[in-house]
Structure formats: structure tokens, C-alpha cells
Amino acid sequence: MRKFKELAELFQELEKTSSNLKMIDILADFLKKISPEEGKITAYLLQGKIAPDYQGLELGLAEKLVIRSLALGLKEDINKIEKLYKETGDLGLVAEKLIKNTKEELTIKEVFEELKKIALSQGKGSQERKLQLLAILIKKSLPIEAKYLIRSVLGTLRLGASDMTFLYALSKVLTGSKEGKKILEHAFNVLSDLGQVAYIALSSGIDKLKNLDPQVGIPVRMMLAQRVKEIKEIKENIKNDVFVEVKYDGERVQAHLGDKEIFLYSRRHENITHQFPDLVSELRKINVKNAILEGEVVAIDKNGNLQPFQILMQRRRKYDIIEYSQKIPIVYFVFDLIYLNGKSLIQEPLDKRKEKLEEILSNKLKESEKIKLAKYEKVKSNDEDRIEKLFIEAIKIGGEGVMIKDSKSIYEAGVRAWRWIKFKKDYKDELVDTFDVVVIGGIYGTGKRAKTYGSLLVALYDPKKNKYYSFTKVGAGFTDEDLENLPKILDKYKIKEKSKLVEAEIDVDVWFEPKVVMEIKGADLTISPVHTVLKDKIKKGGIALRFPRFIRWRDDKDPTQATTIDEVYEIYKRQ
Ligand code: AMP
């Protein structure tokens, strides 16, 4: 049984390094020493979680409560703690400073069990219970333990080790190199649970994770699409026939139909079942033993016309769910089937999956108002005229464009490959596509914008290095209301110094943790001496977006799902 101190020391070491390769080595050395159970815990705590996202288990500890817990656990005056917090801006440091305990007591397992108890305390009186439980842990902590314990519970660890860093380290432990990474990554894409992957790999070996099948009730990381600027590029990337399908402007939903229960998962694996009672009751009518479907939920108006994403977002709420399900009706446009009656279909080609999907939907649900097949047509990948026509039709009915899918492709969980291609278009002479960027900094406004930010520094993601590179500054496209809301959306991610995940050379008034994703559009890509996207490769400067404009927030995307530097490089080359 390993001491919690060792985990705290690991966190300290990771905190000090910004090199991903070094982080992999540090993590691998640690994983070699610990048990599978401890490996699982390490994975969760590194992610700042205590369970995979889909379980929705959260600690629910706000700063105020942690301050009270510290006061109770350390028998210190609350004012003193608040004062120290004001000075340092980090309750982890405050705890470290105030703790006198020198007795090594806590084990990794014990700390995790207690954190789970904190998360599971819900309902009446739970805040007090959480406070007491945390106070007991604090009392037993060494200074270094308390520092990382507090940061863990507040979600402010910011070590910079990504899920992929962890999987590399795991591969190193199991195969001595990065050889096992592919298997591990696939397992992670299917299980969506880093802790469970670590546990299985460390206890049963990597072979146990080979060709893992999806399971009903556990969200599969969703397959992603590449993008093209012109239709003629499609045939260069896909040789087989393609399905040209409407790209609906809604929310991607994976529906798990179990023997008894139905679950709906978002792209970020949140369990959103409760938000769509109208869809759940309709899904119950599908005549299968079990299945996993994928599609887009779209809002419609009284006449059945498709409504934009923003309208659907009003259905994301805690209260008045039934009222809003009547006020904003939806349609679920299903486009994939990855599991049916006890069998995985992820290795089956898309045309087979579509066939089965049509079979199960045509049985009973032919007339369903709420569940429809996504509209598509099968064409040759070089039939540019037909694709163009389908694209125009898609736009006419309220789609964002089209998705072009290789008819022979398997379902590659979590992967963005040239099997699915998205094609969106703006009719103006501007840059064709939009970018999902991560907000990393803010510049205070003046005049009308005095109480908010005048512009935001935004970045693209590099999954290989797990870093965010500055791409442009966005000040246009916001409505007055958007502007007013900026501090409310962003200020909780304010940090004192630039995050070590961020590569930026511009000065800003405020740095943010790279958390919030928004969609922007611009005129063209250019080389800029101040931005850092692919600066190493291009030398003269980094790739930057000119005349950017805010389009909308992308709450459905996690920062690691933002547009990548490689995607932008492709667009830049073509330009
Ligand atoms: P983007 O969010 O622009 O990267 O585009 C990918 C998203 O388009 C997916 O995650 C889906 O939410 C959405 N989408 C809409 N229609 C389809 C479709 N027919 N097939 C696949 N994805 C679709």
C-alpha cells in the first residue's frame, strides 16, 4: 500500500516539468511501483476526477467550503486563512504553509476512498458532511500532501499531463516503448475511462485490452471528421463510394438502449438522459434487445423546420424540463449504429451498419416524428456535381453543410481520420471554414466595454504535445449581451501566470486556463510574428487568423476537441 505522500511527490515533480517526454518518464517510473488499484486512482486524480465523466460523480466542493474545512481541520482562524488566500491566490499553498503535522499516515487508497465519500454525500446536510470529511483528511496530511489534496479537490492541479501522456507512460511500463499505445488508446476510446484502462492493463496485461468491444451503458468516444475546403479534394482522400449526409446543426448524442434502461450521452460523455424525456420515451419503442445509436438532436419549430443549435441549447437545463420539451420540440437524426443485440458493429463497414440501422428503424418507427434517419445519398467520391447539389439541398433545409463518409469505413472511436469529411461553406468570399478555438487570455476593454474584455486571445490545440498555441485575438462578432457575459463565463478560469500548457508570446491583462471553447470565423490565414501556431515549422512566424469574428460558444466541446494545429496547417497549405 503506497503512501499518499508518494503521489503528492509525483504531482510535485510533474508540476516542475513542462516537457511531455519527461513527464512520460516520470509517470512511467511511478506506475511501475504501484498496484493496479493505485494506478487507477492515479489516473483519475491526474485528470482531476474521481470517476469517469459519464458517471457524473463530482466532489462538489466550492472554495468557501474548503476554506471552512481548512479552518476546522487545522483549528485556525478563518480570517487568517482568507487573508493568506488573498495573498497567494492558491488554497493549496495556504494549506501547505499552515500544516505542522509530520506524521506520515495517509495511503493513496485511503485518500481516494474518503474523496469518494465526499462526492457521494448528497442531499440535505451534505455540505456539512463534506466539510467534516475533508477536515479529517486535512488534519492527517503532511504539508506537501495537503497542498495537492486541496488542489485536487478544487480542480486546480494544472499539472499538464494529458490523457495521452498517461497512456504513453502506461505503454512504456507494459511494452518498454510506445508500442502498446495504439491498443491502449483504442481501449480508452471504447471505455472512456482512463482509470479502468490503467487497472485492466496493470492487472491483466495489455492483451486483455486488444479489440475491446463497446458496452451498453458506457459511452464510446465519438468518431470525428476531417475537413476539406473544396469538394474536389474529397476524391483525393476517399476512393470508395461515399455517403453524402446532411450535417445537422444540433448536438451529437449517443443513445444506449439497454435491456431495461436507456442512456443518452453527449460528446463530452455527460449523461444527458434527463434532458430529453421526449426522446427517451420514443427510443423505447425501437424493437431491439439492446443497441448503441448515434445521431444529432436538432430543435424544430411548430412547422417542423430545423432550428439552429442556439435554440436547442435552451433545453440544457436543470428545471422546467417537461415544459421546455413541449416548447422546443426536437428530432433525433440517427446516422450510425455501433452495437446491436449483444454484438459490436464497430469493425463492420459503414454500409453494413447503415443497413442494420434502417432495418431496426423501419420495423416499428417508420412514422416516428422524433426519430428519423439522417438524410443521405450514396454517390461516387469523384461525382463533384452531385455532391455540390446535395450540399445546396442540405443548406436549404437548415443543415450546416454535409458530412461525406467512406461507405466502407469502420467506426473508429475517438479518431479523426479521412473516413468522415465535413464540408461547410459560407457564401461570402471569406475563409470557408470555422475554427473551434480555446480562450487563453483576455484584454480589458475601454469605453463601452469598460467592465468586460475588449478582446480575447485564443489558441489551437496540438494533441501530440498537449499544448495550446496562440492563433488570433478576437474582438468582433460579440453582441452587447455576449460582451457583458464574458467575465461570467471566463473569470472562473483566471490564473496568475500563463498556463504551462500555453505557448503564447503576446501580453494580455488576464491569463485563463485553457478550458473554454468558442467557434470563430475569419478572412484568411496569414503569417504573424506574434502568434505561435507552427512557428517551429514556418520559422518566419506562426500561422494566424486575420479578421476573426466570434460565432458562438461551443460548450459541447472540451478543449482537447478544439481545432488542431495540423488541421490548420492543411488549410494553410491549400490557401
Ligand atoms: P464539428 O463540430 O464542426 O467538428 O462537426 C462534427 C459534428 O457534426 C459532429 O460531432 C456532430 O455533432 C455533427 N453532425 C451533424 N450531422 C452529422 C452527421 N450526419 N454525421 C456526423 N456528424 C454530424
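Values reported hereafter were calculated over all heavy atoms of this structure, with side chains retained and with hydrogens, waters and symmetry mates removed. For this chain, numbers begin at 1 and follow the sequence in order. Everything numeric in this text was worked out from a predicted model, so none of it was measured. One-based numbering, in listed order, for ligands and for the atoms of each.
Nearest non-hydrogen protein atom to atom 20 (N) of ligand 1 is K405 NZ, 2.9 Å. Scanning the protein for heavy atoms near atom 23 (C) of ligand 1, the closest one is F335 CE2, 3.8 Å. At the top of the distance list for atom 16 (N) of ligand 1, counting protein heavy atoms only, stands Y248 N, 2.9 Å. Ranking protein heavy atoms by distance to atom 13 (C) of ligand 1, first place goes to E296 OE1, 3.2 Å. Among all non-hydrogen protein atoms, the one lying nearest atom 9 (C) of ligand 1 is R252 NH1, 3.4 Å. Closest protein heavy atom to atom 19 (N) of ligand 1: E245 OE1, 2.8 Å.
For E519, no heavy-atom contact with ligand 1 is shorter than 4.0 Å.
Here the two rings, on Y248 and Y332, have centers that are 6.0 Å apart or farther.
Within the structure, ligand 1 has K557 among the residues with a heavy atom less than 4.0 angstrom away. Ligand 1 lies out of reach of Q561, whose nearest heavy atom is not under 4.0 Å from it. Residue E294 places no heavy atom under 4.0 Å from ligand 1.
Under the side-chain contact (heavy atoms from CB on, under 4.5 Å) test applied with Y411, the options L337, L345, I346, I292 reduce to a single match, I346.
Ring geometry for F550 versus F478: interplanar angle under 30°, hence parallel rather than tilted (30 to 60°).
For ligand 1, the atoms closer than 4.0 angstrom to any heavy atom of K422 are 1 (P), 3 (O), 4 (O), 5 (O). Set against the non-hydrogen atoms of K424, the atoms of ligand 1 under 4.0 Å away are 3 (O).
The heavy atom nearest to atom 10 (O) of ligand 1, out of those in K247, R267, R416, is found in R267.
Judged by the 6.0 Å distance and 45° axis criteria, K49 is not positioned over the aromatic ring of Y44. A cation-pi arrangement is present between R552 and F309, with the terminal nitrogen or guanidinium carbon under 6.0 Å from the aromatic centre and inside a 45° cone about the axis.
Nearest heavy atoms, D336 versus L357: N-CD2, 3.7 Å.
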